[in-house]
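Single-structure report; data block below.
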Amino acid sequence: MRNISNEQFNKKYYQYKDILYKISYTYVHNVYDADDIVQDVFMKYLNSNESFKTDDNEKYWLIRVTINTCKNFISSNWKKRITFDEDLNKISNNDLGNVADDKCNYNKLFDIIKVLPHKYKEVIILHYIEEMKVNEISSVLKISVSAVKKRLERARNMIKERY
Amino acid sequence: MKDFEKDLLEVKNNIENSQKNNPDEIYQYCKAKKQANIFNWRLFYRLGMCILLLISILLSTWALIKYNNLPNNPNNPNHQLGENQENDNKEKKLVYRVTSEEELKKLLSEKENNYYLFDESLDAEIMVPGNDSSGDIYKETSSSSYQTNIQVEGIDEEDIVKVNGDYIYYLPKTTMYNKRIENKFYILKYSEEGVVLEKTISFPIDEENVEENETHKILKTSCFNCKSLYATDKYIILLGNVTVNVKITKNGTNNTYTTNYENYYAVNIYDINTYELVSEIKIPGTNVSTRLTEDKLYIINNYMENEDYYLPMGNFNENYIFPKVEDIYYCPSFGSIVNNYLIIYKIDLRENIELEEFYFLSPYINNLYMDEDTLYLIKSYNNSEEIITNTKGKNWNSTQILIIDLNNGISIDGIIKVKGSINDKYCIDEYNGYLRIATTGNMKTFDVALGKIFYNYSSEVFNYLTIFGKNNKGNWEEVGSITEGIGLPGEKIKSARFDGNNVTIVTFKQTDPLYYIDLADPKNPVITSELKVTGYSAYQHPYKDNYIIGIGYSADLLGRTNGIKISLYDKSDKDNIKEVGNSLVFKSTEYSSASVISDPKAIMFNLSNNCFGFSMNGMQLNQASNKYEWANGYFVFNIDETKDTPISIYFKDEITSEQYKYSNEFQRMVYIKDKYFLLKRNEVVCYFDNGDGFDVINEIELN
């Protein structure tokens with residue numbers, strides 16, 4: 001277990017929790033699953049001995065772990081069973097006309113983002129949800145700046161086609 | 001900003017609030033877990049029992065395999081592909097590892113078979129685990145410098161010329177005559193004064209004295225036939241075949257006996273700044289093709305096993321490398337192996353040069369296509385027989401494609417089979433996860449009598465467009481197709497160009513129908529329009545978003561070709577594809593072949609200047625000898641879709657049959673910013689584009 005005190009850990013938790021939660025939520029579009037994933041990530045953080053030269057490096061590590069945890073979560077069988085029930089709920093909500101037009105658009109966007117291939121999902125989430133600049137995204141994902149730009153462009157095209 | 005982008009930015013404000021904020025709980029849980037990590041006797045007992053059980057299962061499985069009772073073992077005389085399907089309860093795998101040397105030798109001696117086994121639930125197995133792959137290479141569509149005319153954006157292909165910054169790396173094509181002409185590699189630099197030859201690297205034949213005695217002299221000669229190159233930011237990579245021969249000469253005579261000792265495919269890597277040779281890689285077998293993407297170079301070879309060397313042996317910087325038997329894989333579903341390996345050498349050029357190899361027992365691979373992180377290996381079969389009755393049968397050509405995922409290491413993703421064969425690499429394209437293939441099938445019917453096959457000498461031609469996609473189990477399957485309507489009876493596909501949601505296909509026997517096929521719905525591809533013209537386009541090049549430049553042959557009404565034709569087609573209206581203005585035609589008495597038709601990389605395309613160029617050849621009347629002899633010309637064409645003849649000649653340099661010499665033949669043209677460089681075999685001419693034509697700046701000779 002990492003050699004930090006409860007107080008130091010709490011500080012880190014509140015520092016990064018929001019960022020990681022937003023990323024997880026955009027991946028799974030479900031409050032409970034997103035909370036579980038964030039919890040999982042912080043446990044991994046506590047159980048890891050990885051040392052970080054700067055705060056930024058630590059943040060990027062946490063983001064990467066969150067993305068990987070989300071990916072594993074999505075591909076596991078348990079998740080597939082739960083999604084089916086939730087989709088039913090969404091359909092019935094729409095039928096009743098309870099969902100406002102704006103919310104409809106954002107839900108649609110969430111759904112579109114959900115079906116994007118992983119490498120495009122990552123850049124969209126980091127750029128639009130976390131408002132990260134291209135060179136920051138390049139440090140998080142460990143790919144070149146031009147690769148980030150290209151993925152963003154393709155992802156935008158994919159979203160535009162389906163929106 | 002577009003609507004969806006505005007909404008995208010707002011998405012973060014529409015995230016439901018988190019329900020948990022429990023850092024103390026997480027901390028205490030992890031702490032407690034750490035303390036509880038003491039020796040737990042009960043846990044140890046359970047763990048021990050599990051391990052014992054696992055060991056006993058493994059031992060009994062090994063014993064069964066040893067006595068050849070498992071249906072998965074090809075050594076089993078009862079094992080025949082297809083027979084065991086109903087009896088077999090175990091899950092069939094897509095890919096198997098070779099388990100022993102005996103099994104390897106048995107697999108290599110398989111005879112040619114023509115049946116295929118396709119299973120519904122097949123699992124892929126990761127062959128070579130790798131690190132996370134990096135992203136795509138960004139490429140501008142309109143560039144200030146020449147780039148190779150590659151098929152897929154971001155995936156570079158080998159060529160005889162590459163431009164990198166202010167440098168031109170040039171490897172003129174040489175062909176063998178009576179004397180072997182030495183390969184030379186030229187490094188040229190662009191400057192304000194024009195073009196300068198910075199360095200020449202030649203590849204002389206290397207001779208090594210093996211033995212010299214009273215009667216004989218034995219010499220080992222090694223010849224590097226350098227065929228193509230790549231240039232990255234750090235390295236120049238030269239590729240080609242090496243032939244090593246042994247020459248025995250009887251002393252005092254001219255009697256020489258030459259025998260081939262070995263052949264391999266060589267990859268020589270030079271530092272791009274110092275021109276120092278930093279790495280030498282030797283790959284066994286014959287090369288299928290290569291691709292360079294994100295500083296990773298993939299070399300794909302076929303290696304035919306022989307009695308002495310049944311394991312393919314390569315060399316990396318003086319160290320021999322060959323596979324362990326357990327690192328060799330095979331797919332029974334991919335057809336009979338017939339003593340061939342497929343070898344992939346993946347050379348990582350990002351930091352230090354690193355090599356990863358992949359070995360696969362497979363039938364001989366004819367062609368390949370690569371897109372993003374997937375490699376498609378293409379195998380053509382001349383006949384897949386289908387017996388209809390006891391007396392009649394049908395037989396046609398087909399293609400099998402092995403799909404390899406390069407995302408994380410190297411793993412087999414699936415196998416697909418399609419009727420017919422592809423005309424060239426442009427007949428296959430991947431888009432949005434769907435693989436689209438245009439093929440031409442030749443069907444022969446035959447009679448069966450007294451156990452023998454009698455072919456009728458008639459055959460029918462069919463053209464197919466097939467679309468494959470992955471189902472929700474992750475397996476490749478056919479999603480949609482067009483099986484009729486592409487081409488009149490007897491017409492074959494001559495060229496195809498996929499462009500996202502559509503494809504334009506040209507078929508020909510007597511006239512050229514150009515078909516526009518809408519691929520927006522992969523399950524339902526539809527031919528939406530058709531254009532009939534004489535002659536046909538053998539190569540299609542996209543121009544802006546809505547046009548196609550068709551380069552091919554003009555023909556008379558009976559379908560006999562009589563020259564070179566370049567046309568511009570407008571495909572903005574999918575229901576009405578039409579030609580723009582008149583074509584530009586060269587009679588066959590001037591030129592009868594264009595380099596770009598046999599080699600699409602021979603075209604120079606400059607979108608920002610609306611021009612393109614390539615060389616042409618023909619037999620022209622030599623006034624001096626009164627015979628028809630070889631002539632050569634390089635043309636640069638201008639495109640203006642508003643004119644009556646949208647394609648016009650902007651520049652040309654012609655060598656008549658009187659002047660033609662092998663050494664002054666045109667090879668290519670490239671451009672850097674506003675200067676154009678015409679590359680001949682022994683000379684480079686630098687031009688400046690003044691807006692009205694080309695002015696010569698300087699010429700240099702290449703020795």
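To find a chain, count down the sequence lines: A is the first, B the second, and so on, and within it residues start at 1. Just so you know, these numbers come straight off a predicted model, no measurement behind them.
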Below 4.5 Å from any heavy atom of chain B, which atoms of [X] appear? Answer side chain, backbone, both or neither.
X	result
A:Ser138	neither
A:Ile125	neither
A:Ile112	neither
A:Glu131	side chain

Nearest atoms (heavy-atom pairs only) where [X] meets [Y]:
X	Y	answer
B:Cys30	A:Met43	SG-CG, 3.9 Å
B:Asn17	A:Val31	O-CG1, 3.6 Å
A:Tyr128	B:Glu5	OH-OE1, 2.7 Å
B:Pro23	A:Phe9	O-CE2, 3.4 Å

Non-hydrogen contacts under 4.5 angstrom with chain B: give the residues of residues 45-53 of chain A involved, or none if there are none. A:Leu46, A:Asn47
What residues, two or more places apart in sequence or in another chain, satisfy ring pair (Phe, Tyr, Trp, His ring centres under 6.0 Å) together with [X]?
X	result
B:Tyr167	none
B:Tyr230	none
A:Tyr13	A:Phe42

List the steps and the verdict of side-chain contact (heavy atoms from CB on, under 4.5 Å) for A:Met158 and B:Asn432. CA-CA 9 Å; A:Met158 284 181 144; B:Asn432 273 350; 3.7 Å; yes
Taking the side chain as every heavy atom from C-beta outward, state whether B:Leu8 and A:His127 have any atom pair closer than 4.5 Å. no
Applying the side chain to side chain contact (heavy atoms under 4.5 Å, CB included) criterion to A:Tyr25, which one of B:Val11, B:Ile15, B:Asn14 satisfies it? B:Ile15
Could you check B:Glu16 against A:His29 for side-chain contact (heavy atoms from CB on, under 4.5 Å), going step by step and ending with a plain yes or no? CA-CA 9 Å; B:Glu16 291 178 58; A:His29 201 190; 5.5 Å; no
Measure the NZ-OH distance between A:Lys12 and B:Tyr27 for me, rounded to the nearest 0.5 Å. 13.5 Å
Inter-residue atom distance A:Gln39.CD - B:Lys20.NZ, 0.5 Å rounding: 4.0 Å
Heavy-atom pairs under 4.5 Å with chain B, option from A:Asn6, A:Asn10, A:Ile129 with the top count: A:Asn6
Is B:Glu10 in contact with chain A via its backbone, its side chain, both, or neither, using a 4.5 Å heavy-atom distance? both
Kindly determine whether A:Lys17 and B:Ser18 satisfy side-chain hydrogen bond (donor to acceptor under 3.5 Å, both in side chains), including the steps that lead there. CA-CA 10 Å; A:Lys17 193 250 164 136; B:Ser18 164; 2.7 Å; yes
Is it true that B:Asp373 and A:Lys119 make a salt bridge, defined as a side-chain N closer than 4.0 Å to a carboxylate O? yes
Which is it for B:Gln19 and A:Tyr32 under the side-chain hydrogen bond (donor to acceptor under 3.5 Å, both in side chains) test, yes or no, and what are the steps along the way? CA-CA 7 Å; B:Gln19 305 282 324; A:Tyr32 308 106; 5.5 Å; no
Around B:Asn352, counting heavy atoms of other residues, nucleotides and ligands shown, do more than 12 lie under 6.0 Å from its CG? no
